[in-house]
Amino acid sequence: MKLYDYILSPSCYKVRLLAALLGIPLELRAVDFHPGGEHRKPELLALNPAGSIPILEDGELRLTESAAMLVYLASLTSPDWLGRDTAAEAARTEQWLSFAQRLTASLGGARLCEMLLRPGDLAALQAAGIAALRELEAALFAQRLHGEDFLVAGRPTIADIACFPYVALAPDGSVSLDPYPSIRLWLRAIRALPGFIEMPGIHRLHELKPEPVHGAEGEPA
Amino acid sequence: MPVALSSDIPPATVIPLQTPSGPMALWRSASGRLSMSADRCPHRGMRLSHGFVRGEALSCIYHGWSYSQDGHCLRIPAHPDLEPPAAIRVATATVCETGGVVWLALAQTESQPPRFSHHTPLRSLAFAAAPTAILVALNGRASADGSMQGELAGLSVILLCAPQPDGTSMVHVLAPSDATLEERLAISSATEALRRTAETALATEAAA
Ligand SMILES: N[C@H](CCC(=O)N[C@@H](CS)C(=O)NCC(=O)O)C(=O)O
Ligand code: FES
């Protein structure tokens with residue numbers, strides 16, 4: 001299975017993260033998204049005319065939407081992760097997959113403005129991002145009241161993976177995560193999952209690593 | 001002043017807070033002891049709230065210097081054999097926890113935080129509005145202890161508002177202790193509606 005990937009892309013990271021959590025090996029093909037703009041050059045436009053990444057290929061199958069990739073990976077090995085135990089659960093999972101697109105547009109858009117200096121109405125993107133974070137916080141609080149740590153159940157599903165990266169990276173778009181206690185606990189629960197992998201800006205829980213016997217944890221002091 | 005709800009800071013976690021004395025890191029040790037320190041590592045200024053708690057110490061994410069509850073530097077990973085000099089320490093503040101609410105003592109002389117016998121904490125959320133606007137939207141009463149009483153979803157609630165340096169408020173909502181799950185969910189939704197009212201009133205005022 002081949003993923004056209006860019007290390008700093010939260011949408012690509014969703015796919016890498018779920019594959020890692022499920023133990024599915026991926027062949028990574030690095031795309032020069034920035035500064036090369038390779039996703040908008042003929043070779044990649046032939047695979048995805050929309051000019052976006054990730055792109056996932058498995059034999060004859062080619063997918064260009066990260067949500068579909070998450071469904072595919074979970075269906076292959078771990079139907080539990082599909083979040084489809086009941087009609088209501090299936091519908092709620094779909095709802096979060098759609099909600100994730102709002103996160104991409106708002107928080108992701110703010111991040112592109114701030115990091116890649118893309119043109120855009122930064123204040124409007126941030127406001128839309130804050131509105132989405134408030135909805136997420138309210139939903140996660142309700143989940144906590146029900147004794148569940150994740151978006152649609154007591155176990156993680158593709159809904160969590162779809163929403164996780166852009167939320168965790170909100171500060172890259174100068175949107176603070178400080179006012180959201182339930183989001184903070186949810187991000188922590190995801191970062192603590194066995195098999196969790198990092199991307200630049202998103203770390204695993206350091207406290208779960210053994211105390212270093214020697215040398216610094218980060219860069220040399 | 002009220003700064004957080006106990007349930008939002010489980011053992012071995014650290015959270016950022018804005019207080020009148022600046023940004024602070026509130027952390028709970030593995031054994032459950034709560035401490036507060038300035039949110040700035042004495043080494044190179046990294047936010048300690050980005051760090052992590054291991055055992056009874058708070059560690060900085062940057063180079064791993066770790067600090068005790070009283071703010072002393074315990075360990076410098078790059079120099080494992082060095083006993084960190086006593087001069088290396090982070091400023092701390094006094095916090096106390098009653099009835100599921102964490103309070104920061106703003107002055108040594110401050111009286112004991114209020115106790116609420118019939119209410120328990122529900123959730124905290126940020127309002128882009130000052131406490132005065134929130135009180136108006138709630139149509140509630142302010143008590144001498146700084147709390148607000150009112151009704152949300154037809155149930156009696158107590159709001160503890162902590163004004164933030166940026167003009168917003170962190171609102172800690174207390175629900176009746178005997179409220180059912182459905183009633184708690186209803187209060188949570190009604191608080192969101194209250195926020196919309198308080199923030200809209202503010203916008204209307206600004207436009208006028
Ligand atoms: N098809 C969506 C799009 C993901 C997306 O927004 N990808 C970004 C990179 S993170 C992209 O390719 N943007 C095109 C561009 O900005 O030129 C998905 O798979 O979720
Ligand atoms: S900045 Fe905190 S250890 Fe270096």
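Because the structure is predicted, anything quoted here is derived from the model rather than measured.
R123(B) has its side chain out of reach of L145(A): every pair of non-hydrogen atoms, C-beta onward, lies at least 4.5 Å apart. Between R134(A) and L125(B), every side-chain heavy-atom pair lies at or beyond the 4.5 Å cut-off. Looking at R144(A) and D8(B), their side chains come closer than 4.5 Å, going by heavy atoms from C-beta outward.
Residues A126(B) and P179(A) approach most closely at CB-CB, 3.6 Å, considering heavy atoms. The shortest heavy-atom contact between A138(A) and E192(B) is CB-OE2, 3.2 Å.
Within a 6.0 Å sphere centred on CD of E148(A), heavy atoms belonging to other residues, nucleotides or ligands number more than 12. Within a 6.0 Å sphere centred on CZ of R188(A), heavy atoms belonging to other residues, nucleotides or ligands number more than 12. The number of heavy atoms from other shown groups lying within 6.0 Å of CZ (R184(B)) is above 12. By the neighbour-count criterion of 12 heavy atoms within 6.0 Å, atom CG of N139(B) is sparsely surrounded, having that number or fewer from other residues, nucleotides or ligands.
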Apply side-chain contact (heavy atoms from CB on, under 4.5 Å) to residues R184(A) and T13(B) and explain how you reach the verdict. CA-CA 10 Å; R184(A) 183 161 39 238; T13(B) 59; over 6 Å; no
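Heavy-atom pairs under 4.5 Å with chain A peak, among L122(B), T168(B), T191(B), at L122(B). The greatest number of non-hydrogen atom pairs below 4.5 Å with chain B, out of A142(A), S176(A), P181(A), is found for P181(A).
In this structure, S124(B) OG and Y180(A) OH are separated by 13.5 Å, a value rounded to the nearest 0.5 Å.
In this structure, chain A has no heavy atom under 4.5 Å from any part of I9(B). Heavy atoms closer than 4.5 Å to chain A are found in both the backbone and the side chain of S7(B).
Taking 4.0 Å as the cut-off between side-chain N and carboxylate O, R195(B) and E137(A) do not count as a salt-bridged pair.
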